2 protein chains.
Amino acid sequence: MQAQAETRQRLLDAAATTFARKGYTAAKLDEIAEAAGYSVGAVYSNFASKEQLFSELMAERAADRVGAVAEVLRSARPDQPGGAFGELGRLLIDGADKNIEVAALQTEFWLHAIRNPDTMGILAESTRGTLDLLLDVVTRLLEEHRVDQSIVSAEAFAVVVLALYQGLTRQRRTDPSRVSEDLFGQALSWQLAGMPKLRD
Amino acid sequence: MQAQAETRQRLLDAAATTFARKGYTAAKLDEIAEAAGYSVGAVYSNFASKEQLFSELMAERAADRVGAVAEVLRSARPDQPGGAFGELGRLLIDGADKNIEVAALQTEFWLHAIRNPDTMGILAESTRGTLDLLLDVVTRLLEEHRVDQSIVSAEAFAVVVLALYQGLTRQRRTDPSRVSEDLFGQALSWQLAGMPKLRD
DNA sequence: GTCTATACCCAGATAGAC
DNA sequence: GTCTATCTGGGTATAGAC
């Protein structure tokens, strides 16, 4: 890797954790630079402004956690003890528990995009990537459960899965006792069970 | 209403929209005071600090939108044309479309509570109020659909409904084309249809 | 209780040396 | 390309008058 590119990457990494921990406005470029092992000047040598640093991060990181989600979903074996997707849901919830910064950063992206419509396209595109990762996994799930995909599109289901994941993660942070490790898996299996099926 | 209490209320209202539009750190007390028709001094006569103003808002507003959610759910007549809960989902999504500030403020609350654990209790309590509003409504739904509540608790379902609502709202803002007005209602009806039922 | 004025500090961005 | 020093603006919080 070129020295330049490495600097950029380190700054982006430092920016990710700092923005996640403090929020966009409260995060200081000073702090980001220091966390990356550089000085403020380095930031401005590589990015036009704080705003642009954030935007680039948004483009780079939006699909982040989703990779893990898709990975887990892919390797998941449905219909296990403790309800279908029990294992799956637990893995995802555990991951979210351990890595609060990912959720915080994603949320920070959304708020920023809401307030700066010019950047919403970046977020939409990144999230599109996330959904694509989910798409082939949930397609397999729909097939296994013999769901009629002329009625329930895989795209729609992928969106619902992501929404559930985001919403439950948020509520679990707010009060863990309300969101058991099994809840995500249970909700998923109820969804699948209730969808219209292909005739035999 | 006492003059004092009225000032407080106006400041809280102004704070709500300003924090929603700009975010906690970027929102200026100056701006809030002006929006309320007062000056900065009035803020400090009524609240100890910016932080405390925000905390009080959090306690007061967390259940906000949920009132509407529960109201709609309560009056909703399931099993209508276009899929069960079609009307319901559309009303909720419409509401969210029109009032972006509520979602932004709630999200702002969550991020702030994540970063200031002392205030998480306030958010948890307020959200508890929201869930309580949902609880008796979803209980009715579970009964109507003859769901076995010894397996599926109304509390768990309420949490899932709220999670879905929050997640879909967020994704609809990101890209409306991915979240049709019907999707929330569809997801709800799939959920209910797939839950274990009481025997006849 | 509310206002105006000010103290105090802090952070984004730029200039110029290396 | 990176650093140090600085310019500049702005925002929380307080003091004192009314």
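In what follows, chains are A, B, ... by sequence order, proteins preceding strands, each numbered from 1. These numbers come from a predicted model, not from an experiment.
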Exercise for review: Please confirm whether K50(B) makes a cation-pi placement over Y44(B), using NZ or CZ under 6.0 Å from the six-membered ring centre and within 45° of the ring normal.
Suggested key: no

Review point. Is the count of non-hydrogen atoms from other residues, nucleotides or ligands lying under 6.0 Å from E143(A) atom CD greater than 12?
Key: yes

Review point. Please give, in whole Å, the distance from dA5(D) C1' to D30(A) CG?
Key: 13 Å

Point to revise | Validation row: D136(A), R140(A) side chains within 4.5 angstrom (heavy atoms) | key: no

Exercise for review: Could you tell me whether a side-chain N or O of Y24(A) sits under 3.5 Å from a main-chain N or O of G23(B), the two making a donor and an acceptor?
Suggested key: no

Practice item. Indicate, with yes or no, if the rings of F109(B) and F19(B) have centres closer together than 6.0 Å. Key: no

Check your understanding: Distance-only, no hydrogens or angles: does the Q52(A) side chain make a donor-acceptor pair with backbone N or O of A48(A) under 3.5 Å?
Key -> yes

**Study point:** Distance in angstrom units between F54(B) CZ and dT12(D) P, rounded
**Key:** 14 Å

Review point. Side chains of Q106(A) and Q166(A): does their closest heavy-atom pair fall under 4.5 Å?
Key: no

Practice item. Please find the earliest and latest nucleotides of DNA chain C, in the 5' to 3' direction, that have an atom within less than 4.0 Å of any heavy atom of chain A. Key: dA11(C) to dT14(C)

Practice item. Under 4.0 Å between any heavy atoms, over every strand shown, what does A33(B) touch: base, sugar-phosphate, or nothing? Just pick one. Key: nothing

Practice item. Evaluate the side-chain proximity of I32(B) to L53(B): yes if any heavy-atom separation is below 4.5 Å, no if none is. Key: yes

Review point. Over how many whole Å does the gap from L29(A) atom CG to dT4(D) atom C1' extend?
Key: 16 Å

**Study point:** Sorted by number, the residues of residues 37-52 of chain B with heavy-atom contact under 4.0 Å to DNA chain D
**Key:** Y44(B), S49(B), K50(B)

